[in-house]
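Report on the following structure.
Numbered from 1 within each chain, the chains take letters A, B, ... in sequence-line order.
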Amino acid sequence: MNHNVNLAVKVAGVDFKNPLIAASGTFGFGEEYNELYDVGLLGGISSKGLTLHPKDGNEGIRVWETASGMMNSVGLQNPGVEAFIDHGIAQMRHFGNVLIANMGGHSMEDYITGATMLSNADIDMLELNISCPNVKSGGMAFGIKADVAKEVVGEVRKVCAKPLIVKLSPNAENIVDMALACEEAGADALSLVNTFQAMAIDIHKRKPVFNNVYAGLSGAAIKPIALRMVHSVCKKVQVPVIGIGGIYTAEDVLEFVMAGAAAVQIGTVNFNNPLAGADILDDLVHLCQKEGISDINEIRGIC
Amino acid sequence: MNHNVNLAVKVAGVDFKNPLIAASGTFGFGEEYNELYDVGLLGGISSKGLTLHPKDGNEGIRVWETASGMMNSVGLQNPGVEAFIDHGIAQMRHFGNVLIANMGGHSMEDYITGATMLSNADIDMLELNISCPNVKSGGMAFGIKADVAKEVVGEVRKVCAKPLIVKLSPNAENIVDMALACEEAGADALSLVNTFQAMAIDIHKRKPVFNNVYAGLSGAAIKPIALRMVHSVCKKVQVPVIGIGGIYTAEDVLEFVMAGAAAVQIGTVNFNNPLAGADILDDLVHLCQKEGISDINEIRGIC
Amino acid sequence: MRYFESEVIANRQITEDIFVLQVERCGAEAAAGQYYMLKSWDTELTLMRPISIFKAEPDALHFMYRTVGKGTAKMAELKPGDKLKLLGPAGNGYPCDQISGKVAVVGGGVGIPPLCETSKTLQAKGLSVDAYLGFRDVLFAVEDFEPWCSDIFVSTEKGEEGYRGFVTDLLKPENYDVVITCGPEVMMRKVAAMCAETGTTCYCSLEHRMACGIGACLGCSIRTKNGMKRVCKDGPVFLSTDLLW
Amino acid sequence: MRYFESEVIANRQITEDIFVLQVERCGAEAAAGQYYMLKSWDTELTLMRPISIFKAEPDALHFMYRTVGKGTAKMAELKPGDKLKLLGPAGNGYPCDQISGKVAVVGGGVGIPPLCETSKTLQAKGLSVDAYLGFRDVLFAVEDFEPWCSDIFVSTEKGEEGYRGFVTDLLKPENYDVVITCGPEVMMRKVAAMCAETGTTCYCSLEHRMACGIGACLGCSIRTKNGMKRVCKDGPVFLSTDLLW
Ligand SMILES: Cc1cc2nc3c(=O)[nH]c(=O)nc-3n(C[C@H](O)[C@H](O)[C@H](O)COP(=O)(O)OP(=O)(O)OC[C@H]3O[C@@H](n4cnc5c(N)ncnc54)[C@H](O)[C@@H]3O)c2cc1C
Ligand SMILES: Cc1cc2nc3c(=O)[nH]c(=O)nc-3n(C[C@H](O)[C@H](O)[C@H](O)COP(=O)(O)OP(=O)(O)OC[C@H]3O[C@@H](n4cnc5c(N)ncnc54)[C@H](O)[C@@H]3O)c2cc1C
Ligand SMILES: Cc1cc2nc3c(=O)[nH]c(=O)nc-3n(C[C@H](O)[C@H](O)[C@H](O)COP(=O)(O)O)c2cc1C
Ligand SMILES: Cc1cc2nc3c(=O)[nH]c(=O)nc-3n(C[C@H](O)[C@H](O)[C@H](O)COP(=O)(O)O)c2cc1C
Ligand code: FES
Ligand code: FES
């Protein structure tokens with residue numbers, strides 16, 4: 001135990017030594033940040049978003065800073081599920097924390113094939129990304145309408161023997177309906193939110209900044225909306241929820257946990273402070289002590 | 001004309017000397033800011049949101065700062081349509097710019113009665129707020145589902161002889177469908193976005209900051225999402241669109257115009273800089289000169 | 001009321017978390033109990049921060065503030081010569097013209113600073129002013145009251161200095177014609193209740209989160225016996241008997 | 001590669017918009033062509049900003065930067081004694097060990113600073129280095145190249161100083177074994193094309209918007225003949241013949 005504060009949490013039967021998880025796409029497969037600190041300190045790491053086949057990602061500008069946030073249009077550049085299974089997993093296993101494979105897709109078949117392969121590999125959890133706004137075909141389409149999501153989650157559920165997290169898009173028509181549909185379709189946990197569909201224009205060039213016109217907004221700017229979504233989903237579903245969106249500080253972590261989150265993911269903050277994982281963890285212990293919280297599970301959902 | 005740059009725009013047949021409009025709820029009825037500068041410089045002013053009957057607004061904390069933004073839960077405190085007609089209009093008329101009456105409501109009947117009264121009064125345009133997230137009954141409910149919105153807009157249209165702007169909520173299930181529904185129901189123009197439903201938690205008190213739990217997020221933080229929504233709506237509707245959401249600078253104004261907006265509203269920035277209206281207008285003239293824009297209408301929708 | 005840029009003359013740290021910021025006055029009337037909205041940032045923070053007038057001198061305005069969050073932390077970084085923006089003077093202030101007789105000012109924490117300019121103004125009118133100043137542990141500003149007050153009573157919660165307990169324990173409203181109070185709401189409520197019992201006129205200066213600071217956004221409205229009032233513009237000073245709390 | 005806090009030693013303004021920031025080095029190897037991610041803010045800006053090593057001295061790192069936006073404007077406010085955060089040294093740098101013969105460094109704008117440390121490193125190896133430095137109008141950094149270069153050619157667009165036109169007009173790749181270039185993409189492409197014609201080895205240092213700066217986010221990926229590469233980690237230096245442009 002850290003200084004008499006219990007930070008250990010359980011999500012869908014999986015034990016996390018603390019509720020901090022590195023968010024998909026912001027942390028690679030962990031090895032770069034591991035040069036700066038022992039990323040095994042974190043509760044878990046969600047891998048860069050995988051697709052069945054390798055992808056080069058999007059052309060043009062991929063990242064753009066905004067007020068208290070950033071936009072990205074990486075477009076799921078990744079080595080593909082097979083390469084991940086062959087090399088990535090072993091690498092991530094070294095860290096000794098929970099290994100979450102994040103997987104996106106373009107078609108029902110890709111999702112099913114990819115999930116089948118990952119389910120048979122040495123991962124702890126599968127995080128199904130039905131919400132990436134940066135791929136033209138499919139991708140977010142699955143994350144907008146609850147009935148479409150329900151179908152894909154249901155199919156993936158059938159082939160996935162590992163605990164299944166479904167990652168929701170804040171662009172969903174109705175986040176609560178979406179959550180309920182995914183729960184019904186067999187999700188063991190939900191994670192939210194992914195990035196918000198957003199836009200930037202280069203007024204000098206008189207053109208959208210991103211080749212794809214729209215890109216995904218993340219960072220502190222979105223925290224209040226993400227927190228609302230997590231709160232409203234937690235009030236309605238039975239499965240555990242992983243809160244994501246603009247979490248930068250230990251205070252933010254407590255807000256999400258009080259809103260009902262079982263764990264949280266940190267994304268953009270890693271770019272602002274490459275030691276964010278270690279720093280927030282440290283602060284969280286002290287903050288809990290200060291606030292008289294001896295077990296983080298005590299305060300879950302008290303708001 | 002200002003220094004050989006034409007900033008004049010026309011929205012639904014109404015002439016604005018420039019595209020800057022003070023956003024509803026952030027500018028009262030104009031008289032407070034008029035103590036600081038001549039608010040008649042602005043293209044127009046949208047009044048504090050009116051309801052048929054006077055309202056005291058919400059209890060508890062009403063404003064809360066967030067990263068590059070703020071949340072509010074004012075709850076439509078206002079003197080009611082009748083008092084506005086008796087006193088507010090004359091006051092606003094002094095400024096000599098476009099007078100927009102912003103009206104919210106709790107029920108279909110309130111909307112219709114209020115719109116009838118305002119339509120017969122000396123206003124230039126009616127802005128129908130179907131999107132306020134801070135009133136418990138009604139309010140935003142009208143702004144979420146396109147078919148509900150269509151009905152209320154259709155009814156108001158029947159009684160409203162003045163140009164009718166419908167103000168959309170970013171919380172709509174599908175902003176484009178919502179826009180199309182309002183256009184079909186007879187809106188002469190659309191304005192978007194209102195505030196995003198969001199949440200903040202006071203971790204020391206272990207309670208939501210706002211009595212209503214959720215409140216509306218505005219400011220620079222939301223600009224990239226608002227811009228995307230304005231862009232996607234402009235691509236689909238024929239009526240003019242007024243862009244709103246985190247506009248702080250002349251550059252932001254050009255982004256929204258390039259995305260297709262006929263005019264813009266400035267809200268939260270007034271709190272950051274009480275002279276924002278005058279300053280942005282000034283900067284806009286210079287920026288247009290620098291960018292070689294002799295008429296702001298040239299660049300509308302070029303992205 | 002104006003929005004203007006001013007220059008920092010000095011920014012002195014008084015205690016661990018109390019600072020006095022002195023800026024060039026740049027004209028404008030400013031009365032005891034009024035405040036300014038301040039910002040020493042561009043858009044890094046969205047809102048300006050309300051700070052009361054601690055001392056209004058012909059050439060300088062003094063603000064005494066406690067660092068409690070991001071805004072006041074940024075203010076604490078100000079150095080002589082730095083620029084900052086001010087909006088004000090804002091609010092109604094104390095109706096010093098209408099006050100007569102013997103006056104008590106009762107302050108707690110950072111409710112104390114505005115009472116300094118108030119004491120000065122009342123003393124200048126020839127009134128006798130007693131100050132009741134309540135602190136958590138460390139004293140500040142007490143010497144600033146000395147020139148203007150007949151008596152000064154001080155308390156700290158654990159008795160580190162002065163009386164041990166709350167400053168309201170020392171107050172006897174019946175000895176005064178008017179009581180003026182500014183500080184934590186619990187303290188002001190107590191003072192108001194005591195004054196209600198003795199029939200003493202009592203003015204309270206409310207604190208409330210503000211956005212615009214000029215009466216336009218209704219972010220600071222409170223319910224009073226006379227309807228909804230804006231703390232920023234209709235207040236921050238209210239007659240205790242008008243308040244609903 | 002480390003993330004650490006350092007202290008500003010000096011921050012000198014060289015021209016209207018060019019500054020040299022000197023910070024305490026705090027150990028760590030740092031090679032020519034590498035860069036650091038810098039931040040002198042907390043979360044007011046989201047991302048750190050990549051700036052190349054201009055000079056690496058035993059006790060100090062020097063960065064030469066142009067103020068173009070919010071981040072560099074904040075850097076320009078730094079004063080001696082102020083703290084800032086550094087992440088680095090980052091990237092691959094120039095393969096100085098593998099370079100031999102006669103070398104030309106060809107820089108444009110703020111692509112010039114990293115070539116200074118490069119020239120020094122190559123000169124220390126005993127190589128002869130000529131510098132071709134292209135400016136818009138006002139010169140900077142030229143004197144910093146003097147100790148390390150045999151010849152220095154300078155151009156400005158309108159001929160205010162040195163040759164009128166582009167510095168590439170002066171370059172004859174056939175006279176060199178290796179050409180190293182850093183600057184605007186159009187310039188580097190031109191240099192690469194010229195080197196391709198003469199078969200001269202050419203290294204280009206790419207600029208790209210970055211988020212993480214350490215290879216984790218894939219925000220800076222480019223397509224090369226060897227597949228997708230991260231400018232921040234696999235670069236910023238690439239053999240011109242590996243690039244697709
Ligand atoms: C009319 C008026 C006059 C004031 N005069 C003074 C003064 O002379 N000296 C002084 O030190 N303070 C004064 N205050 C309080 C001061 O405005 C707040 O402490 C300040 O705005 C906090 O800003 P921050 O960014 O540092 O804190 P934040 O990060 O915004 O918040 C930190 C903490 O401060 C509290 N707080 C924040 N804003 C307010 C607010 N507007 N009112 C009350 N509590 C708040 C919050 O509850 C929170 O716990 C006054 C407030 C008002 C309304
Ligand atoms: C490896 C590397 C080394 C660099 N070395 C130097 C250096 O030694 N000296 C120096 O002055 N600059 C250098 N740059 C460029 C520098 O990073 C940018 O100028 C800086 O990040 C701009 O930040 P800002 O906040 O001031 O501008 P912003 O407000 O972010 O943008 C202002 C303008 O700068 C451009 N810009 C912003 N970020 C970048 C970027 N990462 N790359 C290219 N253009 C950008 C934008 O297109 C925009 O027009 C380097 C960039 C890279 C990738
Ligand atoms: C550069 C970048 C790349 C991302 N890539 C992915 C991805 O591949 N898969 C995924 O599910 N989410 C991806 N995300 C979304 C994040 O995991 C996270 O949901 C989002 O950024 C919100 O959290 P934050 O505000 O803490 O960054 C990416 C985000 C960023 C900024
Ligand atoms: C304090 C406050 C009060 C508001 N009141 C209203 C209102 O009464 N009616 C309305 O249509 N919008 C209201 N809004 C929304 C604004 O008009 C605007 O749509 C929103 O704030 C987004 O723009 P901004 O980011 O420029 O502030 C209010 C916003 C704020 C911050
Ligand atoms: S703070 Fe805006 S009305 Fe008082
Ligand atoms: S900037 Fe993140 S991988 Fe290069």
Residues which pass side chain to side chain contact (heavy atoms under 4.5 Å, CB included) with A/Leu227, listed by chain and number, not counting sequence neighbours: A/Glu255, A/Phe256, A/Ala259, B/Met199, B/Ile201

Is there side-chain contact between A/Val98 and A/Ile21, with at least one heavy-atom pair below 4.5 Å? no

Quick check - list every chain A-chain D donor-acceptor pair under 3.5 angstrom, one line each.
unit_1: A/Gly28; atom_1: N; unit_2: D/Ala216; atom_2: O; d: 3.2
unit_1: A/Glu32; atom_1: OE2; unit_2: D/Arg230; atom_2: NH1; d: 2.9
unit_1: A/Glu35; atom_1: OE2; unit_2: D/Lys233; atom_2: NZ; d: 2.8
unit_1: A/Asp56; atom_1: OD2; unit_2: D/Arg223; atom_2: NH1; d: 2.5
unit_1: A/Glu59; atom_1: OE2; unit_2: D/Arg223; atom_2: NE; d: 3.2
unit_1: A/Glu59; atom_1: OE2; unit_2: D/Arg223; atom_2: NH2; d: 2.4
unit_1: A/Arg62; atom_1: NH1; unit_2: D/Leu218; atom_2: O; d: 2.8
unit_1: A/Arg62; atom_1: NH1; unit_2: D/Ser221; atom_2: OG; d: 3.3
unit_1: A/Glu65; atom_1: OE1; unit_2: D/Leu47; atom_2: N; d: 3.1
unit_1: A/Glu65; atom_1: OE1; unit_2: D/Arg49; atom_2: NH1; d: 2.8
unit_1: A/Glu65; atom_1: OE1; unit_2: D/Arg49; atom_2: NH2; d: 3.4
unit_1: A/Glu65; atom_1: OE2; unit_2: D/Thr46; atom_2: N; d: 2.9
unit_1: A/Gly69; atom_1: N; unit_2: D/Thr46; atom_2: OG1; d: 3.1
unit_1: A/Gly69; atom_1: O; unit_2: D/Thr46; atom_2: OG1; d: 3.0
unit_1: A/Gln77; atom_1: OE1; unit_2: D/Ser221; atom_2: OG; d: 2.7
unit_1: A/Asn272; atom_1: O; unit_2: D/Lys39; atom_2: NZ; d: 2.7
unit_1: A/Asn272; atom_1: OD1; unit_2: D/Lys39; atom_2: NZ; d: 3.1
unit_1: A/Asn272; atom_1: ND2; unit_2: D/Asp42; atom_2: O; d: 3.0
unit_1: A/Asn272; atom_1: ND2; unit_2: D/Leu45; atom_2: O; d: 3.0
unit_1: A/Asn272; atom_1: ND2; unit_2: D/Thr46; atom_2: O; d: 3.0

Qualifying residues under side chain to side chain contact (heavy atoms under 4.5 Å, CB included), relative to D/Ala211, sequence neighbours excluded: A/Val63, A/Met70, A/Phe271, D/Leu47, D/Cys217

Identify which part of D/Met37 has an atom lying under 4.5 Å from any heavy atom of chain A, answering side chain, backbone, both or neither. neither

Residue among D/Val23, D/Leu21, D/Leu38 satisfying side chain to side chain contact (heavy atoms under 4.5 Å, CB included) with D/Leu78: D/Leu21

For the residue pair A/Ile45 and A/Leu99, establish whether any side-chain heavy-atom pair is separated by less than 4.5 Å. no

A/Met103 versus A/Phe84: any side-chain heavy-atom pair under 4.5 Å? no

Under the side chain to side chain contact (heavy atoms under 4.5 Å, CB included) test, which residues partner A/Pro54, sequence neighbours left out? none

Taking side chain as everything from C-beta outward and backbone as N, CA, C, O, which of these in D/Ile222 sits under 4.5 Å from a heavy atom of chain A? Side chain, backbone, both or neither. neither

